[in-house]
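The shown structure was predicted, so the numbers you read here are calculated from the model rather than taken from an experiment. Hydrogens, waters and symmetry mates play no part in the numbers below; they use all other heavy atoms, side chains included.
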Amino acid sequence: MNPIPEQKIHDTLANANLQLAIYDATARLMHKRRTALDNPLAADFEAWREQANRIKRHTIENLDHYLEQLEQNLVHNGGKVIWARDATEAADFILKLAKDNNALRLVKSKSMTTEEIDLNERLEHHRLDVVETDLGEYILQLAHQRPYHIVAPALHMTRYQVADIFTERLGVAREVVIEKQTMIARAKLREKFLTADIGITGANFLIADSGAVVVVENEGNARLSSSAPRIQIAVAGLEKLIPRAQDLAIFLKILGRSATGQPLTVYTSFLAGPRRAGEIDGPEQFYLVLVDNGRTRVLADRDKRQALYCIRCGACLNHCPVYRKIGGHNYPWVYSGPIGAILSPLFHGVTEDPWLPSASSLCGACGEVCPVKIEIPKILLELRNDVVKAKQREGSGKLERWAFRIWAFFMRHPKLYEMAGMAAPAILPEASGGAWIQSVALPLRIGPLARWLSQRDLPPPAARSFRQQWRERRRQA
Amino acid sequence: MSRDHILHKVRTALGRSAGQAVEAPPTPWIKIPEVSMDARLEQFCKALEALNGKTLVAGSKEEARQYAGTLLQNRTAIASNAPFLAACGIHTIPGVLTGIIDRVALRDACAGCDVGITSADYALADTGTLVLLSSPEEARMISLLPPVHLAVVPRDRLLTGLDELLTVLPVPSQRSSSMVFITGPSRTADIEQILVRGVHGPGETHVVWV
Ligand code: SF4
């Protein structure tokens, strides 16, 4: 059981530059989304969401059927499917493939699934040269950090930090102009693309009726990763399936708009197997690594399996007041924000990070913006419930249980409740000028409420309670 | 074997048995608007220009060739084997490389050229998107490696949007191993959300309608 990373969160909150960076970036992404949705082209957005939810539900409820269909069609297209139960199986396959083909250099485009299984570390451990090629991911790889955001991985970094990283890790002269930094990365990575033996991509969608992998991006690095080297590997979670190519029409429309406010991203690649006879370029070998790594566990939870509908657009992060304060590195796993607060406990069990489902104000913004209509707040509540149940099973929730029993007792006995309320002002000293209480009585500050009170104050108790006022009004009337 | 193990876990989780029939999925959401060709051209150009792409609606093949000729002055270029480019006379513009069919030779040639010239199999009016299928006529690298991409396309290939494309091509994998949608120049906003064009793909996109 991991405690809440209090110190790290305090550091994030105290870092004014970082706070501004997170706030600005998420505000901009929210604004772009809003602008795209106000465009007449998106007039059907609500209907698209509804349809996307229906399609995802249908696919997930019949996942075995679509997995088999995908495999059959992908093999028909000349590709191979590798089923990986966990991170080790996925990495072992890629290691063996690299060895069999004398491949030393791999280029990689952005993929949360490969982050999830620590693919880079595993491959680097075996002395393979694995290069992230998405600009943000490249910077993070040089800095040995994990993504701060599902869509904008280096959201927390300033150009000055990038300049330092480039100087230190690439040995180039210090450069703080963003355009020039981008061109430095382009030149370095271009050379890698042209000399790599294997390209690894993720997948935004797997299309069952076509045996295809769909990758969306803006930079062109996923196109290069999938088409320049002689071997292509796509790594994807089982849940990325949709039944038909025709379903892409709505999924592409909701994804681009929800993520970055684009009606379509710059590049969408629909990849179905290796180069065919007569085609001039494209990979000679094509593999799809289908990763379970906990997904079947989530699938077994009937009420919460809808978390697998997620298309990783990042909208729930941008709109989350908690993510916008604590940022992406204080969540325990690679997935941050509201969806991270759901996926982590679902994949790893609620007892791992029991505080996580409570890292939400339950304001509901995430559920409102989610393009596939995952009921995020509801799942968070259910997970809180699971946490309490798990604690009770372990017998560690005793204090809490007693607190609630006492509270319930008072609630059922209104006279006693009122007397207790009248005693409150004695413990909570009167605030100056009706403001919030600046100092709460000592016994409370060292008790179980201490942590809560370190960030907040209590409002002063009203001079006359609601019940008193109610009685007085009735009397007057 | 992991395959059977995973499929078994999936079925157990869902309470399904192997080979159990599946209800038909919800009908695809496809809505094709009525838009005249002139209106489509206008839509396409407006959408692409908003992304900093350049467009020209040419009155003739000759006009298209002239546009290409001006763009290629003092630049090296590689053109795809699309018959429409040949018909426009693009292949005979001085300095234009074409006809390479070896994968590695083509890649290296693309990496060394200033401009990549292709046609397009389709285009989408509402988003300003080019649709390219990999084939003996169109290679993947030409629209990707050179810093400038020029596409010369006959106007009858302009569809209203994604919905129409997926109606014309319901299973794209039957046609090609690769279909790519290109919507404007390559871009990134990974550092401080500042927009920079041409990060890995072309930073300049020109589309000439014939
Ligand atoms: S949960 Fe919904 S809003 Fe959040 S990333 Fe996934 S699809 Fe987007």
Name the region of [X], side chain, backbone, both or neither, that has any atom closer than 4.5 Å to a heavy atom of chain A.
| X | value |
| --- | --- |
| B:Ser17 | backbone |
| B:Arg3 | both |
| B:Thr127 | side chain |
| B:Ile191 | both |
| B:Ser178 | both |
| B:Leu132 | neither |
| B:Val10 | both |
| B:Pro202 | both |
| B:Ser176 | both |
| B:Ala50 | neither |

Could you check which of [options] has the highest count of heavy-atom pairs closer than 4.5 Å to chain B?
| options | result |
| --- | --- |
| A:Ser269, A:Pro243, A:Ala154, A:Ser227 | A:Ser227 |
| A:Thr265, A:Asp292, A:Asn221 | A:Asn221 |
| A:Leu264, A:Ile250, A:Leu271 | A:Leu264 |
| A:Arg295, A:Arg244, A:Arg54, A:His156 | A:Arg244 |
| A:Arg302, A:Lys253, A:Met157 | A:Lys253 |
| A:Asp209, A:Asp24, A:Leu155, A:Asp44 | A:Asp44 |

Where does [X] contact chain B at under 4.5 Å (heavy atoms): side chain, backbone, both or neither?
| X | answer |
| --- | --- |
| A:Glu217 | neither |
| A:Ala25 | both |
| A:Ala228 | both |
| A:Pro229 | backbone |
| A:Lys32 | side chain |
| A:Phe286 | neither |
| A:Gln181 | side chain |
| A:Asn77 | side chain |
| A:Leu224 | both |
| A:Ile207 | neither |
| A:Glu219 | both |
| A:Glu89 | side chain |
| A:Leu238 | side chain |

[X] versus [Y]: any side-chain heavy-atom pair under 4.5 Å?
| X | Y | answer |
| --- | --- | --- |
| B:Ser134 | A:Arg275 | no |
| B:Leu7 | A:Leu67 | yes |
| A:Arg230 | B:Val104 | no |
| A:Ile139 | B:Asp190 | no |
| B:Trp29 | A:Ile55 | no |

Please determine, among [options], the option with the most heavy-atom pairs under 4.5 Å with chain A.
| options | result |
| --- | --- |
| B:Ala189, B:Ala139, B:Pro25 | B:Pro25 |
| B:Leu195, B:Leu145, B:Thr27, B:Leu124 | B:Leu145 |
| B:Arg197, B:Gln193, B:Lys31, B:Gln174 | B:Gln193 |
| B:Arg16, B:Lys9, B:Gln20 | B:Arg16 |
| B:Val171, B:Thr188, B:Thr205, B:Leu165 | B:Thr188 |
| B:Ile182, B:Leu169, B:Leu144 | B:Leu144 |

Heavy-atom donor-acceptor pair, [X] side chain to [Y] backbone, under 3.5 Å:
| X | Y | answer |
| --- | --- | --- |
| A:Arg190 | B:His200 | yes |
| B:Arg187 | A:Val266 | no |
| A:Gln246 | B:Leu166 | yes |
| A:Arg305 | B:Ala13 | yes |
| A:Arg223 | B:Arg140 | yes |
| A:Arg186 | B:Gly201 | yes |
| B:Arg107 | A:Leu194 | yes |

SB check A:Arg28 B:Glu192 (cutoff 4.0 Å):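 Judged by the 4.0 Å cut-off on N to carboxylate O distance, A:Arg28 and B:Glu192 do not form a salt bridge.
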B:Glu23/A:Arg57 salt bridge by N-O under 4.0 Å criterion: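 The answer is no: the pair does not qualify as a salt bridge.
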Please test A:Ile280 against B:Asn81 for side chain to side chain contact (heavy atoms under 4.5 Å, CB included), starting from the C-alpha separation and ending with a verdict. CA-CA 10 Å; A:Ile280 300 159; B:Asn81 305 330; 3.5 Å; yes
Measure the spacing between CG of A:Leu299 and CG of B:Leu14 and express it to the nearest 0.5 Å.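 Here the rounded value is 4.0 Å.
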Nearest 0.5 Å please: distance from the CG atom of B:Asp102 over to the CG atom of A:Asp281.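 Result: 10.5 Å between the selected atoms.
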